[in-house]
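Just below is one structure, and these are the notes that go with it.
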Amino acid sequence: MDLLYKSTRNAEHTVTASEAILKGLAEDGGLFMPVSIPKLDVPLQELKKMTYQETAYAVMKLFLTDFTEEELKSCIAKAYDAKFDTEEIAPLAKVGGTYFLELFHGATIAFKDMALSILPHLLTTSAKKNHVKNEIVILTATSGDTGKAALAGFADVEGTRIIVFYPKNGVSKVQELQMVTQKGDNTAVVAIHGNFDCAQSGVKAIFENKELAKEMDAAGFQFSSANSINIGRLVPQIVYYVYAYAKLLQNEEIAEGEAINVVVPTGNFGNILAAFFAKHMGIPIAKLICASNENKVLFDFFQTGVYDKNREFILTNSPSMDILISSNLERLIYLIAGQDAQKNRELMQALKSQGVYELTEEMKENLGDFAAGYATEVEVKETIASIYKETGYIMDTHTAVAAKVYLAYQKESKDATKTVIASTASPYKFARSVMTSIDEKYNALGEFELIDELEKLSCVKIPNAIEEIRDAKIRHTRECDADKMEETVKEILGV
């Protein structure tokens, strides 16, 4: 039986997995969701013997049911190969009594590689399956990491173009350099004058513009998304939570069936939603702990049941989490509303028109799987410094948000459940913030001097992703105002 997908805003119409991947966003502005979350059909005892690639197939075949075994295994093999600097793809590091799931061993040293290494292959396979003749234009808004990972994934992929929008002055120096030096004849990078939410809203508006879609079709183009609104991004993220549990089992860190907690530094809500899916597939996860930085819209939501984006936008040292509209939360809202597309649509309309919505009491009761916390800038710095001092382990700013929130949760709840923290980026990606947290003296150094010092301190080799931007040529210098994104896309495509 094929698993079909519905929009979170319209229960009537269903599409196949490959159609959902191709479209990215539903025509009504909703996000695609499977009509049900499938259960794992492999026993945990079998899972613990599997490689990352085998685990990926075991999970993804249940969601992408219109892909043949050959097609899906080919996509997986092309994605999880020598681009990753560890054979395990997502190794677990035990630090103190906690397990850090290192999701940053791919080509761009951030967790986005875990899904964006495979998305281009899923997308081009989907295009062939659906006899698409148009060139696919990937439109992506990034708060720092998705952009580079998507650019690297789609660079020179036949039949595709990719345009990435990022907030000027809203990403780290390394993140910006990674994007603006990107090679590939089909790549374009645009700095917008505005924050990430402006970029994300602009991309969504382009997707929802029916007239523009017709114009693009006439010119031989069609839009798709590499953001986590695309179900082809979300499904591969489920894999590493299943894999992490299996590895804990294999290493005899837990007993079979023993529940674990998972802590995720959260911006757009896709990464923690993937853990929620893993739980509903049958992985024993007790609490999903949502960690926010000072843009704590999600923390406030879990405390009150009110989502309110009407607040000051704060630029922090964990920029990939500087988000006030968490797009993937819509998928959770749809689920806790009992897959009531109309109720979800009403709430999303309230968010669009007033910037705020409130859950019903019944919906609030369905949030029991989640806990939440947030970390201030000062607490992030202190956490990086203290964990380094105590253990020698160096983490990036986003992982430090999660570590701080977990320590506070543990202290308050006295919950002794074994815990996995999603470590979402290499410290090399945020070298200045990381090194100055350890010692202010490093502030006097230049960007690449800092990176060299970090190598000495961490005894971890500088990743290729950093080495290749040291002297790389700047290739993308385009900028635009947030309200000129559509015009900019047309200009890039020559429409």
Next item on the list: Might you work through the ring pair (Phe, Tyr, Trp, His ring centres under 6.0 Å) test for Phe32 and Tyr5, ending with a clear yes or no?
Entry: CA-CA 6 Å; Phe32 287 112; Tyr5 289 77; 7.4 Å; no
Next item on the list: Show your reasoning for whether side-chain hydrogen bond (donor to acceptor under 3.5 Å, both in side chains) applies to Glu479 and His193.
Entry: CA-CA 7 Å; Glu479 298 184 14; His193 307 139; 2.8 Å; yes
Next item on the list: Could you check Ile289 against Val262 for side chain to side chain contact (heavy atoms under 4.5 Å, CB included), going step by step and ending with a plain yes or no?
Entry: CA-CA 6 Å; Ile289 302 165; Val262 173; over 6 Å; no
Checklist line | Between CE on residue Met348 and CG on residue Leu351, distance to nearest 0.5 Å | finding: 6.5 Å
Notebook entry, point to check: Just how far is it from atom CG of Asn366 to atom CG of Leu335, taken to the nearest 0.5 Å?
Noted result: 9.5 Å
Margin query: Evaluate Arg475 against Thr181 for side chain to side chain contact (heavy atoms under 4.5 Å, CB included), listing each step before the verdict.
Written below: CA-CA 5 Å; Arg475 293 168 181 271; Thr181 59; 5.6 Å; no
Taking NZ, NE, NH1 and NH2 as the nitrogens, is one of them in [X] or [Y] under 4.0 Å from a carboxylate oxygen of the other?
X	Y	answer
Glu88	Lys247	no
Lys279	Asp369	yes
Glu487	Lys490	no
Lys352	Glu208	yes

Flag for [Y]-[X]: side-chain donor and acceptor within less than 3.5 Å:
X	Y	result
Asn134	Asp217	yes
Lys6	Thr14	no
Asp66	Ser18	yes
Lys429	Gln175	no
Thr397	Asn317	no
Glu19	Thr16	yes
Asn328	Asn268	no
Asp308	Asn310	yes

Determine whether [X] and [Y] make a side-chain contact, defined as any pair of heavy atoms from C-beta on separated by less than 4.5 Å.
X	Y	value
Tyr166	Ser143	no
Val174	Gln178	yes
Met363	Lys343	yes
Leu212	Phe223	yes
Leu493	Arg161	yes

Check: Between Asn227, Asp145, Thr146, which is the residue that forms a side-chain hydrogen bond (donor to acceptor under 3.5 Å, both in side chains) with Lys112?
Finding: Thr146
Margin query: Applying the side-chain hydrogen bond (donor to acceptor under 3.5 Å, both in side chains) criterion to Arg9, which one of Glu346, Glu330, Gln342 satisfies it?
Written below: Glu330
Checklist line | Trace of the salt bridge (Lys or Arg N to Asp or Glu O under 4.0 Å) decision for Glu71 with Lys129 | finding: CA-CA 10 Å; Glu71 285 169 340; Lys129 294 177 87 64; 2.7 Å; yes
Nearest heavy-atom pair of [X] and [Y]: which atoms, and what distance?
X	Y	answer
Ser224	Asn230	OG-ND2, 3.9 Å
Ser225	Ile138	C-CG2, 4.3 Å
Leu151	Val189	CD1-CG2, 3.6 Å
Asn271	Ala422	ND2-CB, 4.4 Å
Ile118	Pro236	CG2-CG, 3.5 Å
Thr55	Met50	OG1-CB, 3.6 Å

Next item on the list: Sorted by first residue and then second, give each ring pair (Phe, Tyr, Trp, His ring centres under 6.0 Å) pair with at least one member in residues 270-289; sequence neighbours left out.
Entry: Phe276-His280, Phe276-Phe370
Note to self: Can a donor-acceptor pair be found, under 3.5 Å and without considering hydrogens, that links the side chain of Asp197 to the backbone of Ile323?
What the structure shows: no
Next item on the list: State which residues pass ring pair (Phe, Tyr, Trp, His ring centres under 6.0 Å) with Tyr57; sequence neighbours excluded, sorted by chain then number.
Entry: none
Next item on the list: For the residue pair Tyr357 and Tyr307, categorise the inter-ring angle as parallel (less than 30°), tilted (30 to 60°) or perpendicular (more than 60°).
Entry: parallel
Margin query: Run Tyr80 and Phe84 through ring pair (Phe, Tyr, Trp, His ring centres under 6.0 Å) and show every step you take.
Written below: CA-CA 7 Å; Tyr80 305 112; Phe84 287 81; 5.8 Å; yes
Next item on the list: Check salt bridge (charged side-chain N to carboxylate O under 4.0 Å, His left out) between Glu362 and all other residues, then give those that pass, not counting sequence neighbours.
Entry: none
Notebook entry, point to check: Does the pair Ser327 and Gln200 meet the rule for a side-chain hydrogen bond (donor to acceptor under 3.5 Å, both in side chains), with working shown?
Noted result: CA-CA 9 Å; Ser327 283; Gln200 181 165 256; 3.3 Å; yes
Note to self: For Arg311 and Asp300: C-alpha separation, side-chain torsions, deciding distance, then whether salt bridge (Lys or Arg N to Asp or Glu O under 4.0 Å) applies.
What the structure shows: CA-CA 12 Å; Arg311 60 182 70 207; Asp300 293 341; 2.8 Å; yes
Item checked: Worked check of side chain to side chain contact (heavy atoms under 4.5 Å, CB included) between Leu329 and Leu273 -> CA-CA 8 Å; Leu329 187 64; Leu273 186 70; over 6 Å; no
Next item on the list: Go through the steps to decide whether Ser318 and Thr316 satisfy the test side-chain hydrogen bond (donor to acceptor under 3.5 Å, both in side chains), and finish with yes or no.
Entry: CA-CA 5 Å; Ser318 44; Thr316 73; 3.2 Å; yes
Notebook entry, point to check: Should we count CD of Glu27 as having more than 12 external heavy atoms under 6.0 Å?
Noted result: no
Check: Testing Phe111, Phe430, Phe100, Phe104 for ring pair (Phe, Tyr, Trp, His ring centres under 6.0 Å) with His398, which one passes?
Finding: Phe430
Notebook entry, point to check: Please walk me through it: do Lys210 and Lys214 pass side chain to side chain contact (heavy atoms under 4.5 Å, CB included)?
Noted result: CA-CA 6 Å; Lys210 304 280 193 295; Lys214 282 181 196 162; 5.5 Å; no
Next item on the list: Any chance you could lay out the salt bridge (Lys or Arg N to Asp or Glu O under 4.0 Å) test for Glu69 and Lys73, step after step, and finish with the verdict?
Entry: CA-CA 6 Å; Glu69 180 177 350; Lys73 284 185 172 172; 2.6 Å; yes
Next item on the list: Check step by step if side-chain hydrogen bond (donor to acceptor under 3.5 Å, both in side chains) holds for Asp322 and Asn293.
Entry: CA-CA 8 Å; Asp322 291 347; Asn293 65 14; 2.9 Å; yes
